[in-house]
Protein chains: 2
Amino acid sequence: MNNSEKKKVTIYSVANEAGVSLATVSRVINDSGLVKQETKEKVEAAIVKLGYRPNAVAQGLALKKTTTIALVVPDSSFLYIGKIINGLLDVAKIYKYNITLHTTSSSINEMSEIIDNIVKSRADGVIIYNESLSKSEGEVLNSFQVPMVYIGHKTTNVSSCNVYVDYSQALYELVGEYLDKGIDDIILVEDRKNPDTINQIISGISRAYEERGKTFDGYVEIPEQYHNSYEFLNKYFSKHKHEVVISMRDSQAVAVLNTCKENGIRVPEDTDVISVLDSRINDMVRPRISSFVIPSYDLGALAMRVMTKMLNGETVKERDYKLNYIYERKASTKN
Amino acid sequence: MNNSEKKKVTIYSVANEAGVSLATVSRVINDSGLVKQETKEKVEAAIVKLGYRPNAVAQGLALKKTTTIALVVPDSSFLYIGKIINGLLDVAKIYKYNITLHTTSSSINEMSEIIDNIVKSRADGVIIYNESLSKSEGEVLNSFQVPMVYIGHKTTNVSSCNVYVDYSQALYELVGEYLDKGIDDIILVEDRKNPDTINQIISGISRAYEERGKTFDGYVEIPEQYHNSYEFLNKYFSKHKHEVVISMRDSQAVAVLNTCKENGIRVPEDTDVISVLDSRINDMVRPRISSFVIPSYDLGALAMRVMTKMLNGETVKERDYKLNYIYERKASTKN
DNA sequence: CAGTAAAATGTAAGCATTTTCAATAATGCT
DNA sequence: AGCATTATTGAAAATGCTTACATTTTACTG
């Protein structure tokens with residue numbers, strides 16, 4: 001009726017109210033200086049009086065940029081993804097960027113469909129978390145003429161940056177310590193299929209072995225057919241026993257621990273268990289697991305920071321940003 | 001140099017290439033019928049040839065809608081939030097909506113700042129997850145002239161919908177069973193401060209007691225000063241022992257279990273432990289905890305579905321959408 | 001106080017679409 | 001063939017902003 005006719009307030013309304021031209025209003029909105037203090041105040045008064053808020057869509061059209069960046073993740077329901085998102089959002093906020101979220105999880109969507117959607121939306125940049133991009137997906141992404149940063153995945157895309165964790169060095173140092181103590185019956189339990197990732201993980205371990213004239217052959221791959229690692233590990237530990245078991249997955253850490261226990265393998269008396277593990281989960285587990293803590297929040301924050309640099313045209317000297325694990329010794333290892 | 005001059009392709013380019021007017025191109029893009037099959041094919045050919053993708057920003061301006069909805073969550077690094085997001089994204093995808101993510105977590109942002117940002121962005125709607133909205137935040141939100149749906153929080157905002165879980169009924173039934181077996185030494189452990197939420201949680205329990213002529217007085221509030229519930233619970237269970245301990249927080253479930261154990265209280269022999277718990281976490285715990293599983297994914301999916309209805313002008317008959325817990329009996333309860 | 005440089009403001013042309021309305025082409029009917 | 005419809009198409013206005021360029025004010029200078 002009468003109170004409903006919420007008159008849409010545009011830059012014109014404000015200009016009118018303040019008795020100036022819309023150009024002037026635009027100038028005060030964008031704080032471009034060169035407007036007299038007096039008129040500026042008039043305009044600001046009009047803005048609050050009318051409750052005017054610039055239409056970001058129109059701005060986007062006029063400026064050819066949306067101050068929006070697209071984030072692509074495989075699935076939001078992993079703790080580390082959540083933390084990455086937190087980091088990302090916090091720095092996005094600082095630089096006044098909005099984030100749109102896109103998943104590759106549901107089978108409905110090929111990466112190309114998502115990218116298609118993102119280019120339609122004219123996001124200024126895209127940040128991708130993906131452990132295993134297929135060749136063809138990689139090519140689609142390469143052809144996408146927009147600043148990109150990859151989290152957790154090194155790529156060969158020249159126009160993009162990579163922010164990731166240095167698995168290799170962490171494992172190199174840890175395994176080195178064991179070897180120096182004469183402990184070399186170490187296995188790595190993994191369910192990842194992507195060769196790049198696997199190689200990166202194994203390379204550090206192998207290097208530690210090789211420098212000591214030994215060879216690492218403890219890679220235990222969890223076969224695809226097992227619908228979860230629990231089942232496989234239970235079977236495995238009923239037959240095998242090792243001095244050290246390493247896993248690089250949140251989801252496997254506790255499985256290793258429990259299946260060892262269930263097969264009479266004492267942790268850490270018989271076997272040291274080490275994993276990548278979120279500390280919130282670790283707090284729930286007894287014994288707590290000695291673990292590599294991934295700086296997920298920092299990954300997200302850094303990725304976003306790098307993105308802002310790319311968008312500001314600040315020269316991004318380095319394409320690769322390595323972050324290190326923190327290793328936290330807990331009760332699942334003897335020392 | 002030469003390959004860089006990536007000519008920007010607009011609807012004009014396409015019109016030109018196809019030898020038609022831009023109006024016609026627009027018509028085929030939007031599949032508005034009324035264009036001859038023959039020309040339609042010409043246009044489509046031009047589109048693929050040029051690799052044209054409609055500019056969603058310009059569309060947004062012309063159509064006065066962005067097909068974007070804003071999601072506000074307190075913190076993305078909780079499992080259930082991740083699942084809510086998954087559900088939301090999946091149905092958003094079906095209805096071709098984009099999602100922008102906003103956090104209230106970092107101290108930097110008042111809700112009003114976030115809302116301000118959202119209205120600038122001209123999102124078509126906003127979905128808010130928040131366990132405890134302050135009165136003033138509620139008012140800011142009420143004044144926001146945009147379709148809203150709240151997840152997990154009943155509000156009095158007339159122009160919005162609520163999608164939430166019915167804590168009350170679940171607890172009513174569970175506690176009723178215990179009482180009928182003569183077990184009435186039941187406590188509820190909680191760290192939430194929002195009275196609405198607490199009242200909702202307690203009301204079901206109380207009702208069960210009252211219907212049997214008893215009174216529930218087992219509400220154990222975790223004081224604010226404890227930086228985590230572990231510490232508090234450890235102290236508590238060193239002095240108290242109950243027949244049944246219920247918690248309604250993922251984060252407390254395992255803490256209850258472990259602190260009981262550490263204080264010589266056997267679960268379930270001495271005490272039944274029941275909680276709200278994500279099944280992925282439950283799989284890591286021994287004994288597994290009998291728990292209410294929150295349909296987080298469904299909460300997100302339903303919220304988004306309701307939002308699409310509001311945006312399509314479909315009449316939304318109900319303002320409240322209740323979802324039920326599933327109660328899963330595991331090893332932490334005697335039966 | 002005229003003259004000029006600098007500061008402030010306004011005008012109007014984009015930005016890439018959609019859509020109303022008018023114009024044209026195609027079809028059917030007699 | 002001629003006319004009335006109807007199906008296609010195009011022209012142009014509208015969407016809400018930025019900004020280059022033009023114009024008007026203001027402030028200085030001698």
Side-chain angles (χ1 to χ4, degrees), chain A residues 6-44 46-47 50-68 96 98 117-124 145, chain B residues 6-44 46-47 50-68 96 98 117 119-124:
Chain A
K6 191 88 177 173
K7 200 75 182 147
K8 158 195 48 177
V9 18
T10 73
I11 199 170
Y12 288 96
S13 332
V14 177
N16 210 45
E17 175 75 27
V20 299
S21 81
L22 80 174
T24 302
V25 176
S26 175
R27 285 185 189 108
V28 349
I29 292 168
N30 297 303
D31 208 20
S32 68
L34 29 84
V35 33
K36 212 202 305 184
Q37 183 62 26
E38 188 189 328
T39 42
K40 184 176 176 183
E41 280 161 12
K42 260 194 316 187
V43 171
E44 279 166 349
I47 286 175
L50 270 46
Y52 168 72
R53 330 225 188 175
N55 181 330
V57 177
Q59 291 180 317
L61 186 59
L63 292 173
K64 298 157 164 307
K65 64 175 185 173
T66 52
T67 47
T68 292
K96 310 278 185 196
N98 275 11
N117 178 27
I118 293 175
V119 355
K120 273 189 201 147
S121 79
R122 299 302 193 264
D124 294 337
Q145 302 288 359
Chain B
K6 191 88 177 175
K7 201 73 181 146
K8 157 195 48 177
V9 17
T10 72
I11 200 170
Y12 288 97
S13 332
V14 177
N16 210 45
E17 175 75 27
V20 299
S21 81
L22 78 175
T24 302
V25 176
S26 175
R27 285 184 189 109
V28 348
I29 292 168
N30 298 303
D31 209 19
S32 68
L34 30 83
V35 33
K36 211 202 302 182
Q37 183 61 26
E38 189 188 328
T39 43
K40 182 175 176 184
E41 279 160 12
K42 261 195 312 188
V43 171
E44 279 166 348
I47 286 175
L50 270 46
Y52 167 73
R53 332 224 186 176
N55 181 330
V57 177
Q59 290 181 318
L61 186 58
L63 293 172
K64 297 156 164 309
K65 64 176 185 170
T66 53
T67 47
T68 292
K96 309 279 186 196
N98 274 13
N117 179 27
V119 354
K120 274 188 200 147
S121 78
R122 298 302 193 266
D124 293 338

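Sequence lines set the chain letters: A, B, ... in the order given, protein chains first and strands last, and positions in each chain run from 1.
When heavy atoms are screened at a 4.0 angstrom cut-off, A:L61 is found touching base atoms of the nucleic acid. Using a 4.0 Å heavy-atom criterion, one finds that B:R122 contacts no nucleic acid atom at all.
The residue among B:Q59 and A:V35 whose nearest nucleotide of DNA chain C lies closer to the 5′ end is A:V35. For A:V25 and B:A58, each mapped to the nucleotide of DNA chain D holding its nearest heavy atom, the one lying further toward the 5' end belongs to B:A58.
Nearest heavy-atom pair across B:Q59 and B:I29 is NE2-CG2, 4.4 Å. The minimum heavy-atom distance linking B:T67 with B:K96 is given by the pair CB-O, 4.0 Å. The heavy-atom pair separating A:A58 from B:L61 by the smallest distance is CB-CD1, 3.8 Å. In terms of heavy atoms, A:R122 sits closest to B:P54 at NH1-O, 3.5 Å. Closest of all the heavy-atom pairs between A:T39 and A:K36 is OG1-O, 2.8 Å. Across every non-hydrogen atom of A:A56 and B:S121, the tightest pair is CB-CA, 3.8 Å.
A heavy-atom distance below 4.5 Å is not found between the side chains of A:V20 and A:K40. Inter-residue side-chain proximity for A:V25 and A:Y12 is flagged as unmet; no heavy-atom pair is nearer than 4.5 Å.
Put simply, A:N30 has a side-chain N or O that comes within less than 4.0 Å of OP1 or OP2 on D:dT18. Of the side-chain N and O atoms in A:K36, none sit less than 4.0 angstrom from OP1 or OP2 of D:dT25. Between D:dT9 and B:T39, a contact under 4.0 Å exists linking OP1 or OP2 to a side-chain N or O. Contact check, B:K8 against C:dA16: a side-chain N or O comes under 4.0 Å of OP1 or OP2. A sub-4.0 Å separation between OP1 or OP2 of D:dC17 and a side-chain N or O of A:S26 is absent. Taking 4.0 angstrom as the limit, A:K65 places none of its side-chain polar atoms (N or O) nearer than this to OP1 or OP2 of D:dT18.
Between C:dT19, D:dG10, D:dC17, one nucleotide has an atom nearer to the side chain of A:P54 than all others, and that is D:dC17.
Atom CD in B:Q37 sits about 17 Å away from atom P in C:dA26, given to the nearest Å. Protein atom CD1 of B:I47 is 16 Å distant from nucleotide atom P of C:dA16, rounded to whole Å. In this entry the distance linking NZ of B:K40 with P of D:dT8 reads 11 Å, nearest Å. Spacing between atom NZ of A:K120 and atom P of C:dT18 amounts to 11 Å, rounded to whole angstrom units. One atom, CG of A:L63, and another, C1' of C:dG14, lie 12 Å apart when rounded to the nearest Å. Atom NZ of A:K64 and atom C1' of D:dG16 are 16 Å apart (whole Å).
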Please enumerate all protein N or O atoms sitting under 3.5 Å from an N or O of nucleotides 20-23 of chain D, with distances to 0.1 Å.
none

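For the segment residues 10-22 of chain B, residues with any heavy atom less than 4.0 angstrom from an atom of DNA chain C are, sorted by number, B:T10, B:I11, B:Y12, B:L22.
The local environment of NZ in B:K42 is crowded, with over 12 non-hydrogen atoms from other residues, nucleotides or ligands closer than 6.0 Å.
Judged purely by atom type and a 3.5 angstrom limit, B:N55 uses its side chain to pair as donor or acceptor with the backbone of B:V57.
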